[in-house]
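Each remark here refers to the structure printed beneath this line.
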Protein chains: 2
Amino acid sequence: MSDTERLPQPATADIDLVTVLHALGDPVRMTLLLSYADGAEHSCDPHGLGLDHLHKSTVSHHMRVLREAGVTTTRVAGRNRFVSLRRTDLDARFPGLLDALLPAAAS
Amino acid sequence: MSDTERLPQPATADIDLVTVLHALGDPVRMTLLLSYADGAEHSCDPHGLGLDHLHKSTVSHHMRVLREAGVTTTRVAGRNRFVSLRRTDLDARFPGLLDALLPAAAS
DNA sequence: TCGAATGTTTGACGAGCGTCCAACTGTTGC
DNA sequence: GCAACAGTTGGACGCTCGTCAAACATTCGA
């Protein structure tokens with residue numbers, strides 16, 4: 001479902017550019033962003049992203065930073081949380097930003 | 001002159017995206033970036049940018065961060081330093097990034 | 001030559017960040 | 001029920017960051 005419960009996140013109009021850049025100015029969170037770039041929903045398990053060395057609470061912290069900055073949205077479904085990129089909201093708020101950022105980060 | 005002495009800065013190929021985003025993820029440095037967006041050279045005096053409350057050593061520190069991240073270049077001319085945006089280098093390294101960032105930051 | 005001007009550097013301080021660990025909440029399945 | 005699962009929260013630790021103040025270096029002008 002698309003309209004189950006969601007964790008708190010800023011409204012689209014309240015997404016702040018400096019806050020977003022600060023959130024993305026960290027190698028771990030940039031890695032997460034790249035994995036979310038496919039538009040799909042992802043669990044909080046960072047297995048296979050090269051983040052296996054991090055404690056799960058550390059990954060949880062980084063995901064919270066991304067969500068509170070407005071970069072991602074988190075849908076709660078049972079004991080799982082599904083994280084995905086707020087592509088539409090970000091494109092509306094900062095046109096062209098993700099289109100420039102994602103290829104630059106992937107290389 | 002355009003080829004007087006310059007302060008140390010990373011080569012274009014060595015500019016790192018996460019480092020750039022980290023540099024820009026600060027309100028003071030974002031203000032500086034916006035003032036450099038006109039492409040002109042600027043002295044280190046932040047007068048008129050709404051940064052008058054900051055100590056000059058603090059501004060100097062922020063300018064160093066921007067330069068070491070590869071965002072700006074600093075030309076030394078006598079007792080003045082002229083700072084300007086590395087627009088061409090950044091466009092080559094991260095196509096479209098400044099074009100998305102500057103309008104988003106200005107609003 | 002001497003003083004003013006323009007920035008940088010160093011050290012200090014408090015605040016925030018990234019990380020881990022342990023304990024906790026809520027959910028699913030047996 | 002109860003144990004395993006998925007993830008969050010709180011505290012603790014060291015490190016980095018933003019800021020200021022004072023001292024310094026260099027250059028220009030009188």
Side-chain angles (χ1 to χ4, degrees), chain A residues 1 4-9 16 18-33 35-36 40-69 71-84, chain B residues 1 4-9 16 18-33 35-36 40-69 71-84:
Chain A
M1 291 302 180
T4 43
E5 193 181 357
R6 279 178 190 275
L7 261 35
Q9 65 181 37
D16 176 61
V18 173
T19 305
V20 168
L21 297 183
H22 178 262
L24 266 28
D26 176 274
V28 171
R29 293 193 290 263
M30 181 56 78
T31 300
L32 291 174
L33 176 76
S35 83
Y36 301 152
E41 290 189 318
H42 295 256
S43 85
C44 296
D45 181 22
H47 189 67
L49 303 180
L51 264 30
D52 302 356
H53 56 107
L54 291 177
H55 199 275
K56 59 177 181 174
S57 64
T58 302
V59 176
S60 180
H61 160 70
H62 285 300
M63 287 179 169
R64 181 211 272 254
V65 172
L66 286 174
R67 175 170 46 82
E68 293 183 340
V71 176
T72 58
T73 186
T74 301
R75 182 171 63 89
V76 178
R79 68 183 166 189
N80 296 309
R81 278 94 203 275
F82 291 106
V83 181
S84 56
Chain B
M1 292 297 180
T4 42
E5 192 179 357
R6 279 178 189 276
L7 260 36
Q9 65 181 37
D16 176 62
V18 173
T19 305
V20 168
L21 297 182
H22 178 262
L24 265 29
D26 176 276
V28 172
R29 292 192 291 262
M30 182 56 79
T31 300
L32 291 174
L33 176 77
S35 83
Y36 300 154
E41 290 189 316
H42 295 256
S43 84
C44 295
D45 180 23
H47 189 67
L49 303 180
L51 263 30
D52 303 354
H53 55 106
L54 290 177
H55 199 276
K56 58 178 181 173
S57 63
T58 302
V59 176
S60 180
H61 160 70
H62 285 300
M63 288 178 170
R64 182 211 272 257
V65 172
L66 286 174
R67 176 170 46 80
E68 293 182 341
V71 176
T72 58
T73 186
T74 301
R75 180 171 65 88
V76 179
R79 68 183 163 187
N80 295 309
R81 277 95 203 274
F82 291 107
V83 181
S84 56

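Values reported hereafter were calculated over all heavy atoms of this structure, with side chains retained and with hydrogens, waters and symmetry mates removed. Just so it is clear: chains get the letters A, B, ... in the order the sequence lines come, proteins before strands, and each one is counted from 1. Since this is a predicted model, take the numbers as computed values, not measurements.
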Quick check for you: among dT9(D), dC17(D), dT8(D), whose closest atom lies nearest to any side-chain atom of Ser57(A)?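 It is dT9(D).
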Out of dA4(C), dT9(C), dA22(C), which nucleotide sits closest to the side chain of Arg79(B)?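 Output: dA4(C).
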Does [X] place a side-chain N or O at less than 4.0 Å from the phosphate oxygens OP1/OP2 of [N]?
X        : N       : answer
His61(B) : dG18(D) : yes
Arg64(B) : dG7(C)  : no
Asn80(B) : dG7(C)  : yes
Thr58(A) : dC20(C) : yes
Ser60(A) : dT8(D)  : yes

Pick base, sugar-phosphate or nothing for His62(A), based on heavy-atom distances below 4.0 Å to the nucleic acid.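 Contact class for His62(A): sugar-phosphate only.
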Does atom NE2 of His53(B) have more than 12 heavy-atom neighbours, drawn from other residues, nucleotides or ligands, at distances under 6.0 Å?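 Correct, the count exceeds 12.
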Any idea which heavy atoms bring Val83(A) and Met63(A) closest together, and the distance?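 Looking at all heavy atoms of both residues, the shortest contact is CG2-SD, 4.4 Å.
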Calculate the interatomic distance between [X] atom [atom1] and [N] atom [atom2]; express it in whole Å.
X        : N       : atom1 : atom2 : answer
Asp45(A) : dT8(D)  : CG    : C1'   : 15 Å
His55(B) : dC24(D) : NE2   : P     : 15 Å
Glu5(B)  : dT6(C)  : CD    : P     : 20 Å
Lys56(A) : dG18(C) : NZ    : C1'   : 18 Å
Arg81(B) : dA5(C)  : CZ    : P     : 18 Å
Leu7(B)  : dT6(C)  : CG    : C1'   : 13 Å
His22(A) : dC17(D) : NE2   : C1'   : 9 Å
His42(B) : dT6(C)  : NE2   : C1'   : 17 Å

Would you say Leu66(B) and Leu33(B) make side-chain contact, with heavy atoms under 4.5 Å?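 Side chain of Leu66(B) against side chain of Leu33(B), heavy atoms only: no contact under 4.5 Å found.
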Mapping His53(A) and Gly78(A) onto DNA chain C by nearest heavy atom, which one lands closer to the 5' end?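 Closer to the 5' end of DNA chain C: His53(A).
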Is a donor on one side and an acceptor on the other found under 3.5 Å between the side chain of Arg29(B) and the backbone of Ala23(B)?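 Confirmed, Arg29(B) side chain pairs with Ala23(B) backbone.
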Under a 3.5 Å distance rule, please check whether His42(B) uses its side chain to pair with a backbone N or O of Ser35(B) as donor and acceptor.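 Flag set: sc His42(B) to bb Ser35(B) pair under 3.5 Å.
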